[in-house]
Visitor: 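Attaching a single structure in structure tokens format; questions to follow.
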Amino acid sequence: MGIDTSCKIGKLQLTTPIIAASGCFGYGTEYSEICDLKAFGAIVTKTITPQPRVGNSTPRIWETPNGGMLNSIGLANVGIDCYIKQKLPELKNYPTKIIVSIAGNTISEYGEMVEKLDASDVWAALEINISCPNVKEGGISFGTNTRMTQDLVKICREKTTRPIIVKLTPMATSLSEIAKVCEDNGADAVSLVNTYVGMAIDIYSLKPRIATITAGYSGPPIKPMALARVWEVVNAVSIPVIGMGGICCGEDAIEFFLAGATAIEIGTMIYVEPNIAKNILNDITHYCTLKNLVSTSQLAGLFLKTREFNTTCTISG
Ligand SMILES: Cc1cc2nc3c(=O)[nH]c(=O)nc-3n(C[C@H](O)[C@H](O)[C@H](O)COP(=O)(O)O)c2cc1C
């Protein structure tokens with residue numbers, strides 16, 4: 001019997017719970033011939049800003065010796081008007097849902113972008129990026145401030161009825177509080193983690209590995225930290241949580257589901273294996289069969305049940 005891989009994130013219905021993370025899948029078209037798009041329930045396109053951006057100076061990517069990645073792209077993108085006119089229409093007949101990622105310098109810029117986007121019927125949901133560590137304005141400074149998060153989610157909510165996902169930074173001290181603010185102001189889901197702030201120095205040239213000195217750290221080494229932050233947020237909100245950070249195989253993905261994530265996003269590892277979603281989907285369904293589950297959505301309950309059982313044992317013993 002086939003495993004039901006469908007997944008519901010608020011009103012957003014996906015055929016699989018695997019999503020391509022923003023910034024790691026271009027504008028959506030670049031990978032179409034080198035991977036099985038249908039393995040992805042959705043793809044999140046590169047974060048778009050009100051104006052085109054060339055991004056930060058180079059070097060802006062560095063692969064760390066432990067299999068991680070430092071990047072400081074600085075949200076290089078074509079800008080919202082070109083995106084709506086040229087990039088979005090190319091995704092019209094895609095076999096997967098399109099999630100649009102946006103970031104502004106000010107709260108009102110976020111609202112204006114949502115208003116412009118709402119005229120297009122190509123996209124299914126929004127991911128509001130309040131967590132980029134590589135830009136001077138907006139980005140992480142919004143995602144670490146409860147008041148700004150509140151105003152920002154509120155304004156986006158007023159401008160569209162389509163599902164809103166807020167992408168959070170793991171660098172926020174009060175992450176649960178930020179996630180709760182998103183929920184209370186109308187977000188349909190939260191996604192996390194964006195990159196951690198990291199840094200590396202070439203000890204021979206005495207130069208920073210990345211021109212902006214600090215950068216976003218991603219890939220397999222961040223997985224345990226990302227999983228802990230997802231677990232924290234799952235326990236703080238009732239809306240769906242989309243988990244990501246260092247996922248490189250089926251086992252990693254399953255851990256996020258067990259921790260309570262409704263769906264997962266894959267970022268850095270897409271660069272290593274563009275067809276990774278298909279492999280992960282196979283591994284997840286195989287695991288479900290082993291555990292006698294009929295759907296991937298049943299995974300979320302498994303770990304919680306074990307914990308309740310263990311707690312009972314400890315108390316009664
Ligand atoms: C090169 C690169 C560019 C990224 N660009 C964006 C972006 O434009 N918007 C965004 O929300 N996240 C961006 N991210 C963050 C990823 O979407 C993801 O949150 C993060 O890398 C953690 O997941 P991973 O370890 O699977 O990569 C970028 C990551 C990388 C490596």
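When a ligand or atom number is given, it counts from 1 through the structure's own listing order. In what follows, every heavy atom counts, from backbone to side chain, and hydrogens, waters and symmetry copies are set aside.
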Visitor: For ligand 1, would you mind listing the residues that have at least one heavy atom less than 4.0 Å away, ordered by chain and number?
Guide: Ala21, Ser22, Gly23, Cys24, Lys46, Thr47, Met69, Asn71, Leu75, Asn129, Lys167, Val193, Asn194, Thr195, Ser218, Gly219, Ile222, Met244, Gly245, Gly246, Gly267, Thr268, Tyr271

Visitor: Using the ring pair (Phe, Tyr, Trp, His ring centres under 6.0 Å) rule, pick out the option among Trp231, Phe257, Phe256 that qualifies with Phe303.
Guide: Trp231

Visitor: Under 4.0 Å between a Lys/Arg side-chain N and an Asp/Glu carboxylate O for Glu232 and Arg229?
Guide: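 Yes, charged N to carboxylate O under 4.0 Å.
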
Visitor: Could you check whether Asp188 pairs with Lys8 (Lys NZ or Arg NE/NH1/NH2 to Asp/Glu carboxylate O, under 4.0 Å)?
Guide: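 Answer for the salt bridge query: no.
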
Visitor: Go through the steps for Lys207 and Asp202 under the test salt bridge (Lys or Arg N to Asp or Glu O under 4.0 Å), then give the verdict.
Guide: CA-CA 5 Å; Lys207 289 195 174 129; Asp202 180 334; over 6 Å; no

Visitor: Would you please test Lys85 and Asp81 for salt bridge (Lys or Arg N to Asp or Glu O under 4.0 Å) and show each step?
Guide: CA-CA 6 Å; Lys85 203 165 161 223; Asp81 294 330; over 6 Å; no

Visitor: With sequence neighbours left out, write down each residue that passes ring-ring contact (aromatic ring centres under 6.0 Å, His included) with Phe40, or none if nothing qualifies.
Guide: Phe25

